[in-house]
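Okay, so here's the structure we're looking at.
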Amino acid sequence: VKVLAVCPGPVKTEFGVAAHVPTALLDQKGDTPENVVRNALDAYDRNKAFVFPGALAALLSVGPRVLPKSFSTWVVERFLR
């Protein structure tokens, strides 16, 4: 059994509109669904356990590992407000 966790950053889909995400967040740059799938399938073929498709997702995945937890929490809180 092979399992792959796909952890993309923002992806340009209709989900944001359906979920009533604020327009300011919808205007953010995002990855294409095709690129996310391409990266996911490539990672699956290489027997990876997880993948962060796209440069933004990869960058965002590093922050919580190298920054103090209090700073990461503050950033997430500011983003969600």
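- Within the hydrophobic cluster formed by Ile, Leu, Val, Met, Phe, Trp and Tyr side chains joined at under 4.5 Å, directly or through other members, V62 is accompanied by V66, L67, F71, W74, V75.
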Distance-only donor-acceptor hits, side chain of residues 36-52, under 3.5 Å, sequence neighbours excluded:
from, atom 1, to, atom 2, distance (Å)
R38, NH1, N35, OD1, 3.0
N39, ND2, N35, O, 2.7
N39, ND2, N35, OD1, 3.1
D42, OD2, R46, NE, 3.2
D42, OD2, R46, NH2, 3.3
R46, NE, D42, O, 3.4
N47, OD1, K2, NZ, 3.2

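- With sequence neighbours excluded, the residues satisfying side-chain contact (heavy atoms from CB on, under 4.5 Å) with P33 are V11, T13.
- Hydrophobic cluster membership of V3, counting Ile, Leu, Val, Met, Phe, Trp and Tyr whose side-chain heavy atoms lie under 4.5 Å apart directly or via other members: V1.
- Sorted by first and then second residue, the pairs that involve residues 61-79 and meet salt bridge (charged side-chain N to carboxylate O under 4.0 Å, His left out), not counting sequence neighbours, are E77-R81.
- The heavy-atom pair separating S72 from P64 by the smallest distance is OG-CA, 3.7 Å.
- In terms of the side-chain contact (heavy atoms from CB on, under 4.5 Å) criterion, A18 has no residue partners (sequence neighbours excluded).
- Annotation for P53 and V6: closest pair CG-CG1, 3.9 Å, computed over non-hydrogen atoms.
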